[in-house]
Chemist: 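This is the structure I have questions about; it appears just below.
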Amino acid sequence: MLFKALQIDNTRQLNLFAKKTGIALKRLQYYNDAHKMPSGTDLEIILKETGLSEIQLMLATGCLNQALKSLLSENAAHISRLLSPVEKKISSQKDMKPVFKTDLGQLYQGDCLDLLRGIENDGVDLIFADPPFNLNKLYPSKINDNLKTSPYLSWCEDWAFECTRVLKPGGSLFIWNLPKWNLHMAEFLNSMLTFRHWISVDIKYSLPIRGRLYPSHYSLLYYCKGEKPDTFKPDRLPMGICPRCHGDLKDYGGYKDKMNPNGVNISDVWLDIPPVRHAKYKKRNGSNELSVKLLDRIIEMASKEGDLVFDPFGGSGTTYAVSELKNRRWLGVEIGPVEGIINRFQNIDEDRLNLEQIRKDINCLIPEKHYQKRLDQGLWTPESFRN
Ligand SMILES: C[S@@+](CC[C@H](N)C(=O)[O-])C[C@H]1O[C@@H](n2cnc3c(N)ncnc32)[C@H](O)[C@@H]1O
């Protein structure tokens, strides 16, 4: 973005600009690639050298502050007249046919944007999106997962905009991504939807990196359309119990008798979502498969039986399988191979068993597997306080 604003088209021009301004090449490259507005002395030098105003540079780099946003909004009619010739051309809607169906759901193969553009307004109750993270991963679909920041975010805005359009008033939208991308998505969604939560899901997602904190959580954005969601029924979780000795992991002091026997409230930090690494649970080769537990929690919290759930990035089909098992209608699309998803449905009893096990251990303070063991050891249970 910065190079475009400075009319730098090639390395020779870049070297020249760096030499003239004394700004290190590396820093100029960073401003451009990371989509940042220069500040301090660099900004002063750039403005002086180019004759641009600060507002011009902000507009050209797309780094707008609140004051500029207000100015744009005050002059919306005039600006939109100026911009109308370059407004985005929406590609025409493609006629897509489902490649797989159940009584509750339909799966399509293709680009989610093509499918989305054919979906009517305000019809979906819950959307969960787990897009590629632009980490240069090799997906079975061979999509380009190594875009520059600006085209990646612009693509994310396109599908998030469409998701917002098809979401019912009162419906909920969840987006799973790295914190660095969800920061941008939150800013984009804030202008259309109501922010509910930034949920931190504790899963280590890469090896420790020198000079950085160990990346240890994914971001799960939770928005709703309109003032509040039609459905908000979070499960309750068991208290922390040591899997070996079955004792309390936390000291509840004098509050034990006040604890809800149905479990503790779910917070916005989720520590109990397992990564899908074990071959037994993996539905396709490679990574990027989310756990049934995560989708169960989201679908349970923000939809009811019969509701329509949409996931624009099928992958191994976790959202669709969990929706099916929980009696939600579902709509799915995957740009790459879909055989893995179809096979998953052929063996859906595996997911059913997994889901049953997951649900057995929630909505109670002490799961069955610990209960008797605690009694045997004379440890407290909610019943200890009943007269
Ligand atoms: C991170 S994975 C989703 C994993 C999924 N949540 C699961 O649990 O298995 C992202 C998926 O989106 C697919 N994808 C990428 N671009 C797409 C597009 N434009 N339309 C539809 N699917 C797309 C990729 O092929 C990949 O399978």
Side-chain angles (χ1 to χ4, degrees), residues 91 93-94 96 98-100 105-119 126-147 151-163 166 173-178 181-182 185 201 203 205-206 218-221 273-278 281-299 309-325 330-345 347-348 350-351 354-355 358:
S91 69
Q93 183 191 318
K94 296 208 175 109
M96 293 173 79
V99 288
F100 175 71
Q106 295 193 345
L107 173 68
Y108 290 79
Q109 186 170 31
D111 191 323
C112 61
L113 271 170
D114 290 331
L115 184 75
L116 271 160
R117 284 175 185 143
I119 302 177
L126 166 63
I127 300 178
F128 172 80
D130 168 22
F133 299 159
N134 209 29
L135 284 177
N136 202 11
K137 287 226 160 116
L138 181 64
Y139 283 91
S141 52
K142 306 207 171 56
I143 52 144
N144 180 355
D145 192 41
N146 193 20
L147 297 171
Y152 176 70
L153 289 175
S154 168
W155 173 70
C156 286
E157 288 185 3
D158 284 349
W159 57 255
F161 180 82
E162 284 298 318
C163 285
V166 304
L173 168 67
F174 289 80
I175 299 183
W176 173 265
N177 210 328
L178 306 178
W181 298 132
N182 263 357
M185 293 313 288
V201 183
I203 302 179
Y205 62 79
S206 84
Y218 285 89
S219 150
L220 178 63
L221 281 179
I273 303 295
V276 183
R277 295 216 175 99
H278 200 294
Y281 295 113
K282 260 188 184 287
K283 301 295 173 191
R284 70 169 179 179
N285 290 331
S287 48
N288 310 113
E289 185 178 328
L290 294 178
S291 88
V292 163
K293 191 171 189 180
L294 177 74
L295 268 304
D296 173 51
R297 184 165 300 169
I298 293 168
I299 292 171
V309 178
F310 173 59
D311 182 337
F313 303 103
S316 68
T318 316
T319 308
Y320 316 143
V322 178
S323 300
E324 178 88 14
L325 291 169
W330 57 269
L331 188 59
V333 57
E334 164 59 49
I335 204 165
V338 289
E339 290 70 27
I341 304 179
I342 299 171
N343 284 341
R344 185 172 191 156
F345 274 84
N347 300 303
I348 198 151
E350 288 173 15
D351 280 316
N354 188 6
L355 184 63
I358 289 164

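Just so we're clear, the structure is a prediction, and the values are computed from it rather than from any experiment. Order of appearance sets the numbers: ligands from 1, and atoms from 1 within every ligand.
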Chemist: Which atoms of ligand 1 sit under 4.0 Å from any heavy atom of T318?
Modeler: 7 (C), 8 (O), 9 (O)
Chemist: Quick check on the 6.0 Å ring-centre criterion: do F313 and Y139 meet it?
Modeler: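 No, the ring centres sit 6.0 Å or more apart.
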Chemist: Is there a polar contact between ligand 1 and E289, counting only N or O atoms under 3.5 Å apart?
Modeler: no
Chemist: Just jot down the ligand 1 atoms closer than 4.0 angstrom to any heavy atom of G110, in number order.
Modeler: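 So the answer, numbered in order with elements, is 20 (N), 21 (C).
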Chemist: Within ligand 1, which atoms have a heavy atom of I143 less than 4.0 Å away?
Modeler: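 The atoms of ligand 1 under 4.0 Å from a heavy atom of I143 are 15 (C).
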Chemist: Under 3.5 Å, N or O to N or O, is W155 touching ligand 1 that way?
Modeler: no
Chemist: Of the backbone atoms (N, CA, C, O) and the side-chain heavy atoms from C-beta on, which set of P312 has a member under 4.0 Å from an atom of ligand 1: side chain, backbone, both, or neither?
Modeler: backbone
Chemist: Please work out which of the three classes, parallel, tilted or perpendicular, describes the rings of Y152 and W155, given edges at 30° and 60°.
Modeler: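 Ring orientation of W155 relative to Y152: tilted.
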Chemist: Could you tell me whether W330 and Y108 have their ring centroids closer than 6.0 angstrom?
Modeler: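 That pair fails the under 6.0 Å test.
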Chemist: Does an N or O from L290, backbone or side chain, lie closer than 3.5 Å to an N or O of ligand 1?
Modeler: yes
Chemist: Tell me whether I335 has any N or O atom under 3.5 angstrom from an N or O of ligand 1.
Modeler: yes
Chemist: Judging by distance only, is a nitrogen or oxygen of Y139 under 3.5 angstrom from one on ligand 1?
Modeler: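 No, Y139 has no N/O under 3.5 Å of an N/O on ligand 1.
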Chemist: Show me which atoms of ligand 1 lie under 4.0 Å from any heavy atom of D130.
Modeler: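 So the answer, numbered in order with elements, is 1 (C), 2 (S), 3 (C), 4 (C), 5 (C), 6 (N), 10 (C).
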Chemist: By the definition side chain to side chain contact (heavy atoms under 4.5 Å, CB included), identify the one residue from V333, L295, T319, I127 that meets it with D311.
Modeler: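 So the option named by the test is T319.
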Chemist: Let's go through F128 and Y320 carefully: what are the C-alpha distance in whole Å and the side-chain angles of both, what is the deciding distance for ring-ring contact (aromatic ring centres under 6.0 Å, His included) to 0.1 Å, and is it a yes or a no?
Modeler: CA-CA 10 Å; F128 172 80; Y320 316 143; 10.0 Å; no
Chemist: Rounded to the nearest 0.5 Å, what separation is found between the CD1 atom of I143 and the CG atom of D111?
Modeler: 10.0 Å
Chemist: Does D311, backbone or side chain, put an N or O under 3.5 Å from an N or O of ligand 1?
Modeler: no
Chemist: Taking N or O atoms only and a 3.5 Å limit, does C112 qualify as a polar contact for ligand 1?
Modeler: yes
Chemist: Quick one, D158 and F161 - any side-chain contact, counting heavy atoms below 4.5 Å?
Modeler: no
Chemist: Would you say the side chain of W176 lies within less than 4.5 Å of the side chain of V201, judging by non-hydrogen atoms?
Modeler: yes
